[in-house]
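Numbers restart at 1 for each chain; the letters A, B, ... are given by sequence-line order, proteins then strands.
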Amino acid sequence: MTTTQDWFISVALPVPLRNTFDYRLPTEADPTANYMGCRVAVNFGHQAMVGIILSCHQTSTYDPAKIVAALEILDHKPLFTAELLNLCWWAADYYQHPLGETLSTAMPTPLRQGKSSAPTLAAWQLTTEGKGLPETALKRAKKQQIALQYLLHNDFLLDADARKLDINSTTMAAMQKKGLVEKVERVPEHQAPKDAADQLLRESPLALTEEQEAALSQLSFHRYTCYLLEGATGSGKTEFYLQAIARTLQAGKQALVLIPEIGLTPQTVARFEQRFACSVAELHSNVSDSQRTNNWLAARDGRARIVIGTRLASLCPMQDLGIIIVDEEHDLSFKQQDGLRYSARDLSIYRANQLQIPIVLGSATPSLESFYNAIHGRFAHLRLTRRAGAAKPPTISRVDLRGKTLTAGLCDASVAVLEKTIERGQQAIVFVNRRGYAPSLLCHHCGWIAECPSCDANLTLHKAPYHLHCHHCDAQKPVNRHCPQCNSPDLNPRGLGTEQTEQWLEERFPDTPIIRIDRDSTRQKNSLQETLAVVKSGKPCILIGTQMLAKGHHFPNIALVVIADCDQGLMSADYRGPERMAQLVIQVAGRAGRGEIPGQVLIQSHSPDHPLLDLLLTKGYHLFARQLLNERQTAFLPPFTHQCLIRAESKRPQNAIDFLKMARQQLSSLMPPSQQLQYLGPIPARMERVNERFRYQLHITAGSRKALQKLLKEGIEKIDQQALARRTRWSVDVDPQEV
DNA sequence: AGCACGCCGACT
DNA sequence: GTCGGCGTGCTC
């Protein structure tokens, strides 16, 4: 006779430790049950924590006398399916991150904190008073009457169904005030909605072009293939996704759609909801914690048929996943930049492979990694070359800035074209890649520049409100009236920011709406959608914005796009600069001329003859990408090699440097440098000091991914054992995006 | 990561 | 005489 006391569970806890911890099963638990993937509350050290049960066994390698009982098992049904657990295990391993923290990042915050995982749905129920009403009551409030009639025939009105009946929350609130209805929590029924095809679709699909049809016919739904879907803006990528998903849903399986971090994209979601009658669950940071939890659980239970979200959605449990779509796969936001530094794209490729399902990476400007994989046959290459409908590709021209006077970042020639565009009643976009008024404040007399006291960075001048702002540590201070060095009052803004262009254009085009879209403007106004309504109305206006504006919004009346400065990408110290520049140019060009209007793109540059820019504009992204790949191959750079970056930071610079020296020594004693393995560092990070902390890094470049993984697995373990490792704040970044 | 324990400086 | 600085060690 065994009791729960004889059973041990291995628990992963959200601590930066690379081992798991054994506990005894709580006495009330059932030793025959399978608790793998369930949360468990435990005492750990001096505090209570929530961990994930990894396994259950009758022996432990830890001294049994020291093992205490876990407090309580928190889930009836595992939060982590075997599939998700395997995925997280892989991620923890590949990205060298502790498993407990990895599992923790996969969960929505309330679940992390131990809140109940019993999924509930908000619903409305009639009160006794409400039940007494005749069906014909509430004639004067149409929406309320519809709700009443529904409730007289059904026990509950789910919030989700209310939306389908076009009844909003104010209607229900009004009825609640009258005492007719009350709010209740309903446990969702376990339906397996394998609807017939005609019930899945809310609208009929668009007719496919020959090209789309051909691409779609290449998809196989019953085994793993990674497809690179390369298609220009407007070539119908989304329709391709929609029809691929429809076929997946018909087969009774779920779809996962990953999109870049939303700057301006509720549109994508709307498009999915418009097409499909089944439930679409959103998972991104604009969804409230409780809603996110509900959606996460709905995905696990199969109630959500389509999950659409940002990179965090890639770590969501799916009951029966049938396809993964990664839209704008080249987008940097798919790589997490702290904690578990995972790439949602790469993780999803692994996931699709494990599940033996298709995955589609879509982009007009594929990342060099994906492009390389497509060329070498690891990915299936699908191409959509034609713009759907009447839209023609825009004309792209370069504006030589050499020797030209610039006003608010624009030269006379560009302003003249802007003017003509507005006169024709059309809309224009001006891209400026820095927010604020000017990236620095300079003393004209002695050359002093306003610097951040905590970072190696200049302070950015903002005018609305008027202050100096550090974009790296967020410090803010009032603008100096006199130079602190020479007391001269002659302090001038230097360089260009979005506010400056906005201000000048407002003076230059007093009768035209000037709309600025960047992180500052969207933070202040919650009414982004209203602002955008002006744009959608099609009336002449000028939009000014950072990259944010380039991401997936569709404005039909944009005739002109001006890129104020594309030189930064060309001159960048980061070897990925040109790739980014090209992606921006092509993406931005896609904003121009999507309706009937022919588009025009002006690229302002001080080096308009730069060979890479020339190649991109005359030969297109494909040949440009091939050229970059050649350069990368010669330079022993990704995707021909694989990199890892070990970062360390400390208030005392020597501390971080010493740690990295030790790390390098440990690693190179395992695998000495060779032609196939290079170490570089410790070297200062691009910005050495941020927020009073000094940052250094060690670069490791390896010819093979396998070798790099082996080195890291063994090396990190050794590094971890050193005393220095505990004193230093350090992290590992496998496949870094930013070097 | 947290948190406690522990051993040295400026304060009521 | 104490409050509190952060170095070191530990967590099943």
Side-chain angles (χ1 to χ4, degrees), chain A residues 2-29 31 35-74 80 85 88-89 91-92 95-107 109-114 336-342 646-659 662-663 691-695 716-733:
Chain A
T2 63
T3 70
T4 54
Q5 289 300 295
D6 305 320
W7 286 88
F8 301 107
I9 47 176
S10 277
V11 179
L13 291 167
V15 287
L17 301 169
R18 277 160 225 274
N19 53 320
T20 57
F21 297 86
D22 290 352
Y23 287 85
R24 284 175 209 284
L25 263 186
T27 36
E28 67 277 14
Y35 290 116
M36 194 168 142
C38 290
R39 291 172 305 161
V40 61
V42 296
N43 280 326
F44 182 68
H46 297 270
Q47 53 185 350
M49 273 193 185
V50 175
I52 303 295
I53 300 175
L54 299 175
S55 59
C56 212
H57 29 84
Q58 285 190 285
T59 54
S60 172
T61 50
Y62 198 69
D63 179 2
K66 289 186 188 162
I67 298 181
V68 299
L71 302 173
E72 186 192 358
I73 289 175
L74 297 170
F80 287 82
L85 205 51
C88 290
W89 219 304
Y95 293 105
Q96 303 298 328
H97 199 68
L99 179 62
E101 289 195 329
T102 303
L103 296 171
S104 181
T105 36
M107 287 185 276
T109 321
L111 295 179
R112 246 180 250 177
Q113 293 166 345
Q336 178 134 74
Q337 294 293 357
D338 55 72
L340 172 70
R341 293 171 177 265
Y342 68 106
I646 300 185
R647 305 165 188 273
E649 59 172 71
S650 154
K651 289 197 172 167
R652 283 267 310 114
Q654 199 53 47
N655 206 314
I657 295 170
D658 288 344
F659 167 80
M662 177 275 284
N691 230 331
E692 310 273 62
R693 305 188 85 91
F694 291 85
R695 313 173 318 146
I716 304 283
E717 196 183 311
K718 282 195 153 187
I719 293 166
D720 228 9
Q721 287 163 8
Q722 310 296 311
L724 251 178
R726 273 186 285 109
R727 286 201 294 268
T728 319
R729 197 192 280 199
W730 61 286
S731 65
V732 187
D733 192 348

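Remark: the backbone N or O of A/I67 is paired with a side-chain donor or acceptor of A/R24 at under 3.5 angstrom. In terms of modelled atom types and a separation under 3.5 Å, the side chain of A/N691 and the main chain of A/R693 share no donor-acceptor contact. Within the 3.5 Å criterion, the main-chain N or O of A/S104 finds a donor-acceptor partner in the side chain of A/R112. At distances below 3.5 Å, not a single donor-acceptor pair connects side-chain atoms of A/Y95 with backbone N or O atoms of A/G339. A/R18 places no side-chain N or O within 3.5 Å of a backbone atom of A/E717 that could act as its donor or acceptor partner. Using a distance-only test at 3.5 Å, with no hydrogens or angles considered, a donor-acceptor pair links the side chain of A/W730 to the main chain of A/A725.
Atom-to-atom, CG of A/L13 to P of C/dT11 comes out at 13 Å; the value is rounded to the nearest Å. Straight-line distance from the CH2 atom of A/W7 to the C1' atom of C/dC12: 18 Å, rounded to whole Å. A/I53 has its CD1 atom 14 Å from the C1' atom of C/dC12, to the nearest Å. We find that CG of A/L54 is positioned 16 Å from P of C/dC12, with the value rounded to whole Å. Taking atom CD1 on A/I52 and atom C1' on C/dC12, their separation rounds to 16 Å, with Å as the unit. Regarding A/L724, its CG atom lies at a distance of 16 Å from the C1' atom of C/dG9, rounded to whole Å. We find that CZ of A/F44 is positioned 13 Å from P of C/dC10, with the value rounded to whole Å. The nearest whole Å value for the distance from the NE2 atom in A/H46 to the P atom in C/dC10 is 12 Å.
Residues satisfying the side-chain hydrogen bond (donor to acceptor under 3.5 Å, both in side chains) criterion with A/Q654, sequence neighbours excluded, are A/D658. Listed by chain and residue number, nothing satisfies the side-chain hydrogen bond (donor to acceptor under 3.5 Å, both in side chains) test with A/R727 (two or more places apart in sequence, or in another chain).
Stem regions annotated for DNA chain C: B:1-11 with C:1-11, counting only runs of 3 or more consecutive pairs of Watson-Crick or G-U type with both contacts under 3.5 Å.
A distance of 12.0 Å separates CG of A/L17 from CG of A/L99, quoted to the nearest 0.5 Å.
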Below 3.5 Å is the cut-off: list the nitrogen or oxygen pairs between protein and nucleotides 5-8 of chain C, distance only.
from, atom 1, to, atom 2, distance (Å)
C/dT8, OP2, A/R727, NH1, 3.1

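Stacking of the aromatic ring of A/Y62 onto the base of C/dC12 is found: the ring centres lie under 5.5 Å apart and the planes are inclined by under 30°.
Taking 4.0 Å as the cutoff to heavy atoms of chain A, we find the contact window on DNA chain B bounded by B/dA1 to B/dA4.
When heavy atoms are screened at a 4.0 angstrom cut-off, A/L17 is found touching base atoms of the nucleic acid. A/D63 comes within 4.0 angstrom of nothing in the nucleic acid, heavy atoms only.
Residues A/P64 and A/F8 approach most closely at CB-CZ, 4.4 Å, considering heavy atoms.
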Donor-acceptor pairs under 3.5 angstrom involving side-chain atoms of residues 45-57 of chain A: please list them, not counting sequence neighbours.
from, atom 1, to, atom 2, distance (Å)
A/S55, OG, A/H57, NE2, 3.2
A/H57, ND1, A/T59, O, 2.8
A/H57, NE2, A/S10, OG, 3.1

